[in-house]
Every structure is written in structure tokens, then in C-alpha cells.
Amino acid sequence: MGSTVLSLRIDGELLDRLRQHAAKRGMSVQDYVVRTLIRDDFDERFKAAVDETEKFYGQEGTAGIRAEEVT
């Protein structure tokens, strides 16, 4: 898989916050943003897969127990 350049113009305050978050994790801002985008993309794909599974099997058949029922 190749790479492509994505150029962004962002507010200085946002860049400072990104630098702080990246520094806490010992990462560059570029790596932090890329990992965040990858994680968000995975979350969306995972939710879509769960939704499709629920449609296929019906909500009752997927987990047997709903999250709000767990104590």
C-alpha cells in the first residue's frame, strides 16, 4: 500500500492540543493524527458490521443480553 500526502490548514489552538496529545504518547503529531483516523475508521466499520449482523440475525439473537442489563 502506497502513501499519499494530505495537507491540512488548522487553527493554531487545535495544533497545540494535538501536539500535547501526541507528546503524552511519545508520538509525532502526524503519527497521532493518522492513528486517530485509523481508529475512528475501524470503529465505524465495526459498528456497521454489528448493525448488519443484528439485521441478519435479529437483535435478540446476537448477544442474548443487552449492555444495559449488565450490572
Side-chain angles (χ1 to χ4, degrees):
M1 175 162 78
S3 63
T4 304
V5 174
L6 172 65
S7 178
L8 300 172
R9 184 179 304 261
I10 61 173
D11 180 74
E13 196 174 303
L14 175 58
L15 181 57
D16 288 340
R17 289 198 333 249
L18 289 171
R19 284 184 180 134
Q20 291 172 0
H21 289 291
K24 287 179 187 175
R25 291 158 180 80
M27 303 169 75
S28 70
V29 172
Q30 178 181 347
D31 289 341
Y32 177 77
V33 169
V34 168
R35 284 187 141 199
T36 301
L37 291 171
I38 290 169
R39 183 182 64 230
D40 188 54
D41 180 57
F42 172 80
D43 291 346
E44 287 181 26
R45 288 182 289 137
F46 181 76
K47 182 178 179 339
V50 169
D51 291 345
E52 285 298 313
T53 300
E54 286 179 347
K55 276 195 253 180
F56 184 76
Y57 289 106
Q59 274 193 304
E60 294 301 317
T62 55
I65 170 174
R66 303 299 298 164
E68 54 270 2
E69 294 174 1
V70 176
T71 57

Enquirer: Could you pull out all residues at least two apart from Glu52 that satisfy salt bridge (Lys or Arg N to Asp or Glu O under 4.0 Å)?
Expert: Lys55

Enquirer: So, using side chain to side chain contact (heavy atoms under 4.5 Å, CB included) as the criterion, who are the partners of Leu14 when residues are at least two apart?
Expert: Ile10, Asp11, Arg17, Leu18

Enquirer: For residues 25-39, which side-chain donor-acceptor pairs fall under 3.5 Å, sequence neighbours excluded?
Expert:
{"residue": "Arg25", "atom": "NH1", "partner": "His21", "partner atom": "O", "Å": "2.9"}
{"residue": "Ser28", "atom": "OG", "partner": "Asp31", "partner atom": "N", "Å": "3.0"}
{"residue": "Ser28", "atom": "OG", "partner": "Asp31", "partner atom": "OD2", "Å": "3.3"}
{"residue": "Thr36", "atom": "OG1", "partner": "Tyr32", "partner atom": "O", "Å": "2.8"}

Enquirer: So how far is it from Gln20 CD to Asp16 CG, rounded to the nearest 0.5 Å?
Expert: 6.5 Å

Enquirer: Could you tell me which residues satisfy side chain to side chain contact (heavy atoms under 4.5 Å, CB included) with Asp40, sequence neighbours excluded, listed by chain and number?
Expert: Glu44

Enquirer: The criterion is side chain to side chain contact (heavy atoms under 4.5 Å, CB included); which residues satisfy it with Phe56, sequence neighbours excluded?
Expert: none

Enquirer: According to side chain to side chain donor-acceptor pair (under 3.5 Å), who are the partners of Lys47, at least two apart in sequence or on a separate chain?
Expert: Asp51

